[in-house]
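Numbers restart at 1 for each chain; the letters A, B, ... are given by sequence-line order, proteins then strands.
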Amino acid sequence: MYVLCDCNNFYASAERLFKPALRGLPIVVLSNNDGCVIARSQEAKDAGIKMGDPAFMVHDLIKKFNIQVFSSNYVLYGDMSERVMHNLSRWFVTVIPYSIDEAFGWAGGIMNLKDYAITARTSIIKNTGIPVSIGIAPTKTLAKLANKLSKANGGTLVLETDAEITAALKDFPIEDLWGIGRQYYQKLSQMKITTVAELRDLPELWFKQNMTVQGQRMWNELWGRPMLQLGELPPTAKGLSVTRSFSGYVMEPDILCEAVTTYASRLAEKLRNEKMCCQFLEVFLLTNKHREDHPQHYPKHVHKLTIASNSTTEIVSVANRVARMLFSPGIKYRKAGVIATGLIPEGDLQFHLFKEHTNNADQVSAVIDKLNMAYGRGTLRMASEGFEKKWKLKHEYLSGGYTTRWKDLIKVR
DNA sequence: TCTGGGGTCCTAGGACCC
DNA sequence: TCTGGGGTCCTAGGACCC
């Protein structure tokens with residue numbers, strides 16, 4: 001049986017955990033740049049704040065209901081996530097994180113699954129302070145569905161028999177099903193299909209023809225036939241990227257390069273963290289797609305590295321060159337990104353037949369990592385990242401690093 | 001004025017090969 | 001009058017996830 005455990009209102013729950021005075025008050029967490037709402041406590045949902053609402057458009061609601069606003073604090077969420085995952089793996093075997101706030105797992109050979117799920121949930125909540133929900137079923141798709149239903153069922157739900165599964169599908173709205181997004185929802189609505197029970201009764205061929213093989217897999221999973229494996233540990237990423245919006249518009253190549261340098265060096269750090277090198281480096285620029293009155297420009301270029309690399313100096317110099325080439329004067333840029341693909345493990349590096357390989361660049365990177373590990377990120381960095389950082393993200397409502405920074409430790413007394 | 005960031009998988013179509 | 005069949009690789013775009 002597949003298990004899906006997820007954290008309820010994760011970011012909002014994590015913020016509230018370290019500010020107990022906020023218990024019962026509505027909370028929202030904003031995306032990077034304080035752009036839009038990406039997490040809400042139950043109270044904020046009740047107040048009418050929707051997922052993805054731009055912050056400036058819900059300003060009045062925030063005032064009216066005294067909603068507490070936070071910028072996203074990924075250091076805090078990442079650390080809390082690890083704690084939840086760790087606790088979860090004490091109860092279920094092969095726990096595979098699916099996102100920052102949920103994980104799949106396997107439950108085999110357990111006598112009374114329903115009681116077991118309740119005990120596991122209680123323990124995880126007690127140890128982490130984060131409320132979680134647990135769904136268990138014969139396939140991943142059904143486990144996701146059970147998880148969603150569990151929230152109105154005291155936080156756990158086990159679907160074991162065919163009768164239980166059929167009953168669960170009966171009133172389950174298709175738009176809440178894993179794998180049904182906006183487009184498929186619209187298409188199905190036009191066919192007057194509204195519940196998963198109705199969906200499951202369509203012929204298999206329909207899924208293949210209208211929703212590719214992914215839809216076909218979903219259909220089988222709904223009938224209790226597992227098509228999706230738990231996955232490997234750790235799942236090896238296909239690509240890594242760092243992309244950010246600017247706080248304002250960028251129109252000068254030098255400023256743009258400061259930002260791209262910063263993203264590129266973060267990317268190099270991420271690669272080294274994963275012990276991977278990239279063979280390709282893509283750089284892209286973006287204008288504000290919400291403004292129809294501005295000329296739009298979204299150039300991109302993929303550069304093939306002669307030798308795969310994860311060194312800060314190399315990645316930064318390539319990214320900078322490409323960014324300068326893509327830049328076009330008179331355009332108001334809003335966002336830029338650097339993407340590493342063609343990842344290979346550090347150990348499998350293929351050197352150049354005719355070029356001598358020196359590891360100077362790698363030594364520089366090693367020194368950067370060592371100093372930044374000891375004294376904090378950004379202690380040693382590339383000068384081309386600039387000093388003023390006018391383009392830098394907004395983070396007006398950032399909470400503390402309660403679990404990762406000594407000076408932010410909560411004082412009990 | 002102000003609208004996130006990081007991913008995955010799949011398909012169609014074009015360019016090319018013999 | 002009538003112009004094949006079997007591939008590969010790459011890119012763009014569309015759908016989805018949290």
Side-chain angles (χ1 to χ4, degrees), chain A residues 4-11 28-40 50-60 62 69-74 77-78 81 96-104 140-141 144 147-148 174-188 207-218 227-229 231 234-249 263 266-267 270 274 280 282 284 286-294 298 300-302 304 332 334-343 393-396:
Chain A
L4 180 73
C5 175
D6 89 332
C7 304
N8 304 342
N9 313 325
F10 182 48
Y11 297 170
V28 296
V29 178
L30 303 181
S31 64
N32 265 332
N33 231 6
D34 293 342
C36 45
V37 174
I38 53 167
R40 309 152 294 158
K50 286 195 224 32
M51 185 70 176
D53 277 350
F56 70 93
M57 283 169 69
V58 291
H59 190 244
D60 292 347
I62 288 173
V69 179
F70 291 91
S71 302
S72 29
N73 182 346
Y74 288 104
Y77 311 148
S81 173
I96 312 282
Y98 175 65
S99 73
I100 195 165
D101 76 331
E102 64 188 286
F104 284 100
K140 283 174 107 174
T141 304
K144 282 283 273 187
N147 174 277
K148 206 153 249 183
I174 47 168
E175 63 266 37
D176 290 345
L177 183 66
W178 194 39
I180 301 288
R182 247 199 1 257
Q183 305 297 321
Y184 291 150
Y185 170 64
Q186 266 192 6
K187 187 178 225 162
L188 289 161
F207 288 87
K208 177 81 210 289
Q209 285 174 341
N210 291 278
M211 295 171 66
T212 79
V213 298
Q214 295 178 104
Q216 194 179 14
R217 285 184 197 131
M218 185 180 84
M227 296 285 130
L228 304 166
Q229 308 304 313
T236 43
K238 299 275 165 63
L240 285 175
S241 60
V242 176
T243 71
R244 295 275 184 283
S245 305
F246 312 129
S247 49
Y249 292 112
Y263 303 166
R266 262 303 291 140
L267 183 65
K270 273 171 120 175
E274 301 285 325
F280 304 96
E282 174 178 341
F284 71 84
L286 227 54
T287 39
N288 186 348
K289 59 178 186 287
H290 299 286
R291 291 292 298 263
E292 280 165 14
D293 51 332
H294 291 180
Y298 23 88
K300 69 165 183 172
H301 177 76
V302 183
K304 181 173 186 342
K332 295 175 162 178
R334 181 71 187 142
K335 181 175 178 174
V338 189
I339 306 173
T341 52
L343 305 189
L393 293 174
K394 272 185 289 193
H395 257 153
E396 247 175 89

Select base, sugar-phosphate, or nothing to describe what A/Gly239 touches, counting heavy atoms under 4.0 Å on all strands.
sugar-phosphate
Looking for any heavy atom pair under 4.0 Å, which part of the strands does A/Leu30 touch: base, sugar-phosphate only, or nothing?
nothing
Would you indicate what A/Asn33 reaches in the nucleic acid, counting non-hydrogen atoms under 4.0 angstrom: base, sugar-phosphate, or nothing?
nothing
Are any side-chain N or O atoms of A/Asp6 and backbone N or O atoms of A/Asn147, one a donor and one an acceptor, separated by less than 3.5 Å?
no
How many angstroms lie between atom NZ of A/Lys187 and atom CZ of A/Arg182, to the nearest 0.5 angstrom?
14.5 Å
With sequence neighbours left out, write down each residue that passes side chain to side chain donor-acceptor pair (under 3.5 Å) with A/Lys140, or none if nothing qualifies.
none
Which part of the nucleic acid does A/Asp101 contact within heavy-atom distance under 4.0 Å: base, sugar-phosphate only, or nothing?
sugar-phosphate
Using a cut-off of 4.0 Å on non-hydrogen atoms, how would the nucleic acid contact of A/Leu240 be classed: base, sugar-phosphate, or nothing?
sugar-phosphate
Bracket string, DNA chain B, 5' to 3' - pairs by Watson-Crick or G-U geometry under 3.5 Å, | interstrand:
....||||||||||||||
So where does chain A start and stop touching DNA chain C, 5' to 3', when the test is distance under 4.0 Å to a non-hydrogen atom?
C/dA12 to C/dC18
Does a donor on one side chain and an acceptor on the other come within less than 3.5 Å for A/Tyr249 and A/Asn288?
yes
Parallel, tilted or perpendicular: which describes the rings of A/Phe104 and A/Trp178, with under 30° parallel and over 60° perpendicular?
tilted
Indicate, with a heavy-atom threshold strictly under 4.0 Å, whether A/Lys187 touches base, sugar-phosphate, or nothing.
nothing
Parallel, tilted or perpendicular: ring planes of A/Tyr11 versus A/Tyr74, cut at 30 and 60 degrees
perpendicular
Need one value for A/Lys335: base, sugar-phosphate or nothing, where a base atom within 4.0 Å counts as base even if backbone is also close, heavy atoms only.
sugar-phosphate
Remember a base hit wins even if backbone is also touched, and classify A/Leu177 as base, sugar-phosphate or nothing at under 4.0 Å, heavy atoms.
sugar-phosphate
Within this structure, what is the CG-OG distance for the pair A/Asn32 and A/Ser71, rounded to the nearest 0.5 Å?
9.0 Å
On a heavy-atom basis, the closest approach of A/Leu343 and A/Lys238 is CG-O, 3.7 Å
Pairwise 5' ranking along DNA chain B for A/Gly52 and A/Arg217, keeping only the more 5' one:
A/Gly52
Using a heavy-atom cut-off of under 4.0 Å over every strand shown, decide if A/Tyr77 touches base, sugar-phosphate, or nothing.
nothing
On DNA chain B, compare the nucleotides closest to A/Val213 and A/Ile38; which residue's is nearer the 5' end?
A/Ile38
Which distance, rounded to the nearest 0.5 Å, do you find between the CZ of A/Phe246 and the NZ of A/Lys332?
14.5 Å
